Amino acid sequence: MYLGDLYLFYVYIKVFHIVSIITWMAGLFYLPRLFVYHVQQYDNDGFKKVVEVQEKKLYYYILYPSLIAVLISGTLITLSVPDIMKSGGWIHAKMTLVLLLVIFHFVCGFYRKKLLLSKCKSEMFFRIFNEIPTIFMILIILLVVVKPF
């Protein structure tokens with residue numbers, strides 16, 4: 001298949017990309033919230049076991065596949081419309097924020113493992129940490145829709 005042929009599938013790739021983003025973002029919103037509950041109920045062994053299972057399933061069965069789908073579909077979109085990289089600084093800023101969200105994804109995995117061993121951070125820390133993906137999502141949507149630069 002010639003890369004130019006990707007443009008024929010552009011709309012379908014874009015739909016898949018948007019669905020993947022929604023799924024990934026939902027997981028990134030919910031996992032840190034589970035961390036808040038985990039820390040709140042750290043001494044409640046029954047609750048802690050349930051939330052640990054939820055965290056693991058969310059991270060490995062929803063977040064990871066969604067992340068991979070976002071990255072593959074985003075790459076295919078870029079390959080099918082290569083001039084998008086010349087459309088302005090907004091695309092570079094957007095990709096930088098996406099990279100930071102990918103890092104946030106892996107930091108969530110780090111904290112998930114740390115919480116299995118100890119109450120590593122405070123409830124307030126995770127409440128603030130929980131807001132990071134929301135802020136990034138708002139900025140990314142602004143960049144994509146408004147294209148300010």
Side-chain angles (χ1 to χ4, degrees), residues 6 9-82 84-85 87-149:
L6 277 176
F9 299 103
Y10 175 78
V11 175
Y12 299 103
I13 296 168
K14 196 171 185 178
V15 167
F16 181 72
H17 187 62
I18 292 168
V19 170
S20 301
I21 291 167
I22 291 168
T23 306
W24 186 44
M25 291 305 301
L28 289 178
F29 294 149
Y30 190 51
L31 186 60
R33 175 54 50 183
L34 287 175
F35 295 161
V36 171
Y37 302 146
H38 194 146
V39 171
Q40 280 178 336
Q41 298 290 323
Y42 199 81
D43 295 327
N44 181 343
D45 285 337
F47 182 85
K48 196 167 86 165
K49 286 182 191 282
V50 170
V51 82
E52 286 171 356
V53 170
Q54 290 175 331
E55 291 166 355
K56 181 179 180 180
K57 287 183 176 183
L58 178 60
Y59 190 73
Y60 288 108
Y61 303 136
I62 295 172
L63 278 170
Y64 252 115
S66 300
L67 169 62
I68 292 165
V70 165
L71 295 177
I72 289 171
S73 58
T75 300
L76 290 173
I77 288 170
T78 304
L79 291 173
S80 65
V81 187
I84 197 166
M85 296 308 292
S87 63
W90 69 271
I91 189 70
H92 302 285
K94 178 228 177 199
M95 287 188 171
T96 300
L97 290 171
V98 171
L99 174 64
L100 292 172
L101 271 177
V102 170
I103 292 168
F104 180 84
H105 171 105
F106 289 108
V107 169
C108 283
F110 170 79
Y111 283 129
R112 189 191 73 75
K113 288 182 180 176
K114 291 281 279 187
L115 282 168
L116 295 172
L117 304 172
S118 70
K119 194 174 178 179
C120 62
K121 296 285 183 180
S122 69
E123 177 184 339
M124 183 56 71
F125 171 84
F126 285 118
R127 286 185 181 277
I128 294 167
F129 185 73
N130 186 52
E131 302 306 322
I132 293 171
T134 303
I135 293 165
F136 280 46
M137 179 197 65
I138 291 167
L139 292 172
I140 289 168
I141 291 171
L142 278 169
L143 287 167
V144 170
V145 174
V146 177
K147 296 177 178 62
F149 49 88

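Counting from 1, the numbers follow the sequence of the chain as shown. Owing to the predicted nature of the structure, the values given are computational and were not obtained by experimental measurement. Only this structure's heavy atoms are used, side chains among them; waters, hydrogens and symmetry mates stay out.
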Shortest non-hydrogen pair, Ile84 vs Ile91, comes out as O-CG2, 3.5 Å
Locate the shortest heavy-atom distance separating Leu71 from Val102; write the atom from each residue and the value. CD2-CG2, 4.3 Å
How far apart are the closest heavy atoms of Lys94 and Ile140, and which atoms are they? CG-CG2, 3.9 Å
Would you indicate whether Tyr12, at its atom OH, is surrounded by more than 12 heavy atoms from other residues, nucleotides or ligands within a distance under 6.0 Å? no
Do the ring planes of Phe126 and Phe129 sit parallel (below 30°), tilted (30 to 60°) or perpendicular (above 60°)? perpendicular
Looking at side-chain heavy atoms only, is the closest gap between Ile62 and Lys57 below 4.5 Å? no
Indicate yes or no: does Arg127 engage Glu123 in a salt bridge with an N to O separation below 4.0 Å. yes
State the NZ-NE2 distance between Lys121 and His38, to the nearest 0.5 angstrom. 15.0 Å
How far apart are the closest heavy atoms of Ser73 and His17, and which atoms are they? OG-ND1, 2.7 Å
Residues Cys108 and Pro32: closest non-hydrogen pair is SG-CG, 4.1 Å
Atom NZ of Lys48 with >12 non-hydrogen neighbours under 6.0 angstrom: yes
If you take all heavy atoms of Phe136 and Leu100, which pair is closest and at what distance? CE2-CB, 3.2 Å
Note, Phe149 side chain near Leu143 side chain (heavy atom, < 4.5 Å): yes
Return the orientation label for the His105 and Trp24 ring planes: parallel under 30°, perpendicular over 60°, tilted otherwise. tilted
Does the side chain of Leu101 reach to within under 4.5 Å of the side chain of Pro133, using non-hydrogen atoms? yes
Where at least one partner belongs to residues 128-143, residue pairs that pass side chain to side chain donor-acceptor pair (under 3.5 Å), sequence neighbours excluded: none
Does the side chain of Cys120 come within less than 4.5 Å of Tyr111's, by heavy atoms? yes
